[in-house]
A.B. asks: 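Before we start, here is the structure in question, set down as structure tokens.
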Amino acid sequence: MRWARMRWASVLQDGDATERAVMDGAKQVRADLEAEADLLFAFVSAHHRDEAPRVVDVLDEVFPGVPVVGCTGGGIIGGGVEAEDAPAVALMAARLPGVDVSVHHLTDEDVPTAPPAWPSQLGVAPEEKPAFVLIPDPFSFDADACIEALDAAYPGSTTVGGLASGARAPGGHVLFAGRRAVRRGAVLVCLRGDVTIDPVIAQGCKPIGAPMLVSSCDRNVILGLDQKKPGDVLREVFSSLDEDDRRLFRTSLFVGIEMHDQREYAAGDFLVRNIVGLSPDGDALAVAGRIERWKAVQLHLRDRTTSSADLKRQLERHRARCPSSPAGALLFSCLGRGANLYGEPNHDSRVFREILGDVPLGGFFCNGEIGPVGPRTFSHGYTSAFALLRPRS
């Protein structure tokens with residue numbers, strides 16, 4: 001059979017006439033795909049919010065019966081181009097032979113707390129190692145609870161995604177969930193069969209100082225690092241930095257938390273979390289993340305230079321591990337990245353193409369990004385989370 005292989009197509013269609021932009025984009029990706037589609041991703045800018053519920057109906061005229069997944073976004077990505085402030089529609093169409101696709105609309109009440117309940121909920125067994133794409137509404141859905149529950153029910157599976165963006169109040173986001181548009185909850189795509197998602201998570205930071213062991217802590221508060229007070233450690237690291245890094249230390253300092261049990265660490269091996277505050281006496285450092293005694297932590301800095309370098313490093317690391325190109329890729333990038341961070345448009349998309357080639361790429365700028373660090377999945381900030389899709393066989 002001519003098209004018995006995975007194939008993706010992606011396009012960005014500008015314009016403020018919603019139906020025309022969707023129709024023109026749909027015709028373009030259908031022509032590029034040169035085959036029937038099994039799954040569609042649609043991301044529309046906030047300019048199209050009022051007409052967004054019509055997106056599924058318009059796509060059905062070009063791709064009858066094909067499930068649609070996506071949302072409104074504060075910025076969108078399609079055809080390898082990032083549209084941050086202009087009205088636009090991004091579409092991706094996928095031909096997925098040997099892949100079973102199921103799309104689920106979830107509310108908080110639909111998320112099972114017991115792992116054995118998930119297989120009956122989704123119709124897929126853990127041993128099938130499904131891959132997931134999760135797109136929640138931040139106002140009405142507990143994404144962290146869902147991520148933790150999926151990890152527990154499907155160990156070894158990969159979940160990547162992002163939180164809808166562009167609205168300031170509940171009900172302002174639109175999610176595309178298969179054959180309908182909804183304004184609350186989350187959309188979960190379950191892919192099983194001949195498909196793998198390779199995640200690339202670029203948190204945009206560089207480590208400074210040396211990894212340290214948490215010698216004392218209380219929940220999310222670090223009370224000792226290598227038997228020293230946190231304040232003393234911060235002063236020691238600060239004194240070792242050059243002037244540029246000292247400037248970043250004052251405004252863009254983060255803590256990286258160990259996710260693997262290992263003896264040596266490299267950039268990207270830590271889960272990066274915000275620092276909530278340091279007590280006046282320097283005895284306690286509060287972090288926006290779970291802290292465990294005897295786990296390693298390391299201080300990190302972030303700016304446009306470190307963010308760009310980390311993105312290149314993570315993509316090059318993936319290319320070294322998996323030299324064959326993915327068939328298609330989704331990009332879930334933080335609203336705080338893009339031109340606001342780099343001072344130029346299309347930065348992350350351009351770097352992606354430079355390292356991995358002309359792979360169909362689409363996605364959106366998120367209120368939070370979802371992806372694994374080590375064996376667990378987390379929601380992130382300031383991150384670009386890529387889902388690189390390829391056949392498993």
Side-chain angles (χ1 to χ4, degrees), residues 106 108 111 113 115 118 130-138 141-165 186-189 197-207 211 214 217 219-222 253-262 265-276 286-292 295-300 302 307 310-311 313-314 317-318 330-337 348 363-388:
L106 302 176
D108 283 340
V111 176
T113 56
W118 275 100
F132 299 107
V133 178
L134 179 64
I135 303 176
D137 168 47
F141 189 77
D142 188 341
D144 289 333
C146 183
I147 292 166
E148 187 173 347
L150 280 173
D151 274 0
Y154 293 96
S157 290
T158 299
T159 302
V160 180
L163 280 69
S165 64
V187 181
L188 179 69
V189 186
I197 289 181
D198 296 316
V200 175
I201 310 302
Q203 299 179 85
C205 285
K206 71 173 182 179
V214 177
C217 63
R219 291 175 293 185
N220 70 314
V221 179
I222 299 173
L253 181 65
F254 301 83
V255 169
I257 304 169
E258 173 191 20
M259 291 291 106
H260 295 277
D261 291 326
Q262 57 195 84
Y265 303 92
D269 289 340
F270 292 87
L271 174 67
V272 177
R273 285 296 185 251
N274 289 326
I275 292 176
V276 177
V287 177
R290 186 183 305 172
I291 301 296
E292 297 179 22
K295 285 287 189 180
V297 300
Q298 189 168 9
L299 297 175
H300 285 67
R302 176 187 284 126
S307 182
D310 180 58
L311 174 65
R313 184 168 47 244
Q314 299 307 325
R317 179 185 290 187
H318 166 79
L330 296 166
L331 170 54
F332 304 97
S333 190
C334 179
L335 284 166
R337 293 174 72 105
D348 286 6
F364 73 104
F365 288 88
C366 315
N367 265 321
E369 304 74 57
I370 297 167
V373 176
R376 295 171 53 198
T377 310
F378 299 92
S379 56
H380 304 270
Y382 311 106
T383 294
S384 273
F386 293 85
L388 311 183

A.B. asks: Once rounded to the nearest 0.5 Å, what's the spacing between atom CD1 of I257 and atom CZ of R273?
C.D. replies: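 Those atoms lie 7.0 Å apart.
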A.B. asks: To the nearest 0.5 Å, what is the distance between CZ on F141 and CG on L188?
C.D. replies: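 CG of L188 is found 8.0 Å from CZ of F141.
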A.B. asks: Under 4.5 Å between any side-chain heavy atoms of D108 and C146, yes or no?
C.D. replies: no
A.B. asks: OG of S307 to OH of Y382: how many Å apart, nearest 0.5 Å?
C.D. replies: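 Those atoms lie 11.5 Å apart.
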A.B. asks: Given side-chain contact (heavy atoms from CB on, under 4.5 Å), test I197 with V160 step by step and report yes or no.
C.D. replies: CA-CA 8 Å; I197 289 181; V160 180; 4.1 Å; yes
A.B. asks: Taking atom CG of L311 and atom CD1 of I201, what is their separation to the nearest 0.5 Å?
C.D. replies: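 These two atoms lie 11.5 Å from each other.
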A.B. asks: Mind checking the CD1-CD1 spacing from I222 to I275? Nearest 0.5 Å is all I need.
C.D. replies: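 It comes to 8.0 Å.
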A.B. asks: Does T377 offer a backbone N or O that forms a donor-acceptor pair with the side chain of D151 under 3.5 Å?
C.D. replies: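 Side chain of D151 to backbone of T377, a donor-acceptor pair under 3.5 Å: yes, one is there.
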A.B. asks: Ignoring hydrogens and geometry, is there a side-chain-to-backbone donor-acceptor pair from N220 to A288 under 3.5 Å?
C.D. replies: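 No.
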A.B. asks: With no hydrogens and no angle check, is any side-chain donor or acceptor of S379 less than 3.5 Å from a backbone partner on D144?
C.D. replies: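 Checking the backbone N and O of D144 against the side chain of S379, no donor-acceptor pair under 3.5 Å is found.
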A.B. asks: What are the two closest heavy atoms between Q314 and A202, and how far apart are they?
C.D. replies: CG-CA, 4.1 Å
A.B. asks: How close do G162 and P136 get, heavy atom to heavy atom, and via which atoms?
C.D. replies: O-CD, 3.2 Å
A.B. asks: Taking the side chain as every heavy atom from C-beta outward, state whether V133 and L330 have any pair of such atoms under 4.5 Å apart.
C.D. replies: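 Heavy-atom side-chain distance check passes, below 4.5 Å.
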A.B. asks: Do W118 and L150 come within less than 4.5 Å of each other through their side chains, counting heavy atoms only?
C.D. replies: yes
A.B. asks: Quick one, L299 and F254 - any side-chain contact, counting heavy atoms below 4.5 Å?
C.D. replies: no
A.B. asks: May I ask you to test the L271-Q203 pair for a side-chain heavy-atom distance under 4.5 Å?
C.D. replies: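 With C-beta onward as the side chain, the pair touches.
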A.B. asks: Nearest 0.5 Å, what's the NE2-CG distance between H380 and L163?
C.D. replies: 11.5 Å
A.B. asks: Side-chain contact, heavy-atom cut-off 4.5 Å: I291 with V221?
C.D. replies: no
A.B. asks: Check whether any side-chain heavy atom of L331 lies under 4.5 Å from a side-chain heavy atom of S384, and answer yes or no.
C.D. replies: yes
A.B. asks: Closest heavy-atom contact between G204 and R302?
C.D. replies: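 Distance-wise, the nearest heavy atoms are O-CG, 3.2 Å.
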A.B. asks: Using a 4.5 Å cut-off on heavy atoms from C-beta on, say whether the side chain of I135 contacts that of I370.
C.D. replies: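 Result no, sub-4.5 Å side-chain heavy-atom pair not found.
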A.B. asks: Could you list the residues that satisfy ring pair (Phe, Tyr, Trp, His ring centres under 6.0 Å) with Y154, not counting sequence neighbours?
C.D. replies: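 Only F132 meet the ring pair (Phe, Tyr, Trp, His ring centres under 6.0 Å) criterion with Y154.
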A.B. asks: Under the rule for salt bridge (Lys or Arg N to Asp or Glu O under 4.0 Å), what residues qualify as partners of D348, not counting sequence neighbours?
C.D. replies: R337
A.B. asks: Using the test ring pair (Phe, Tyr, Trp, His ring centres under 6.0 Å), find all partners of F364 that sit at least two apart in sequence or belong to another chain.
C.D. replies: F43, F332
A.B. asks: So which atom in A164 and which in N367 form the shortest heavy-atom distance, rounded to 0.1 Å?
C.D. replies: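 Shortest heavy-atom separation between A164 and N367 comes out as O-ND2, 2.9 Å.
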A.B. asks: Closer than 3.5 angstrom, by distance alone: can the side chain of E369 be matched with the main-chain N or O of T383 as a donor-acceptor pair?
C.D. replies: yes
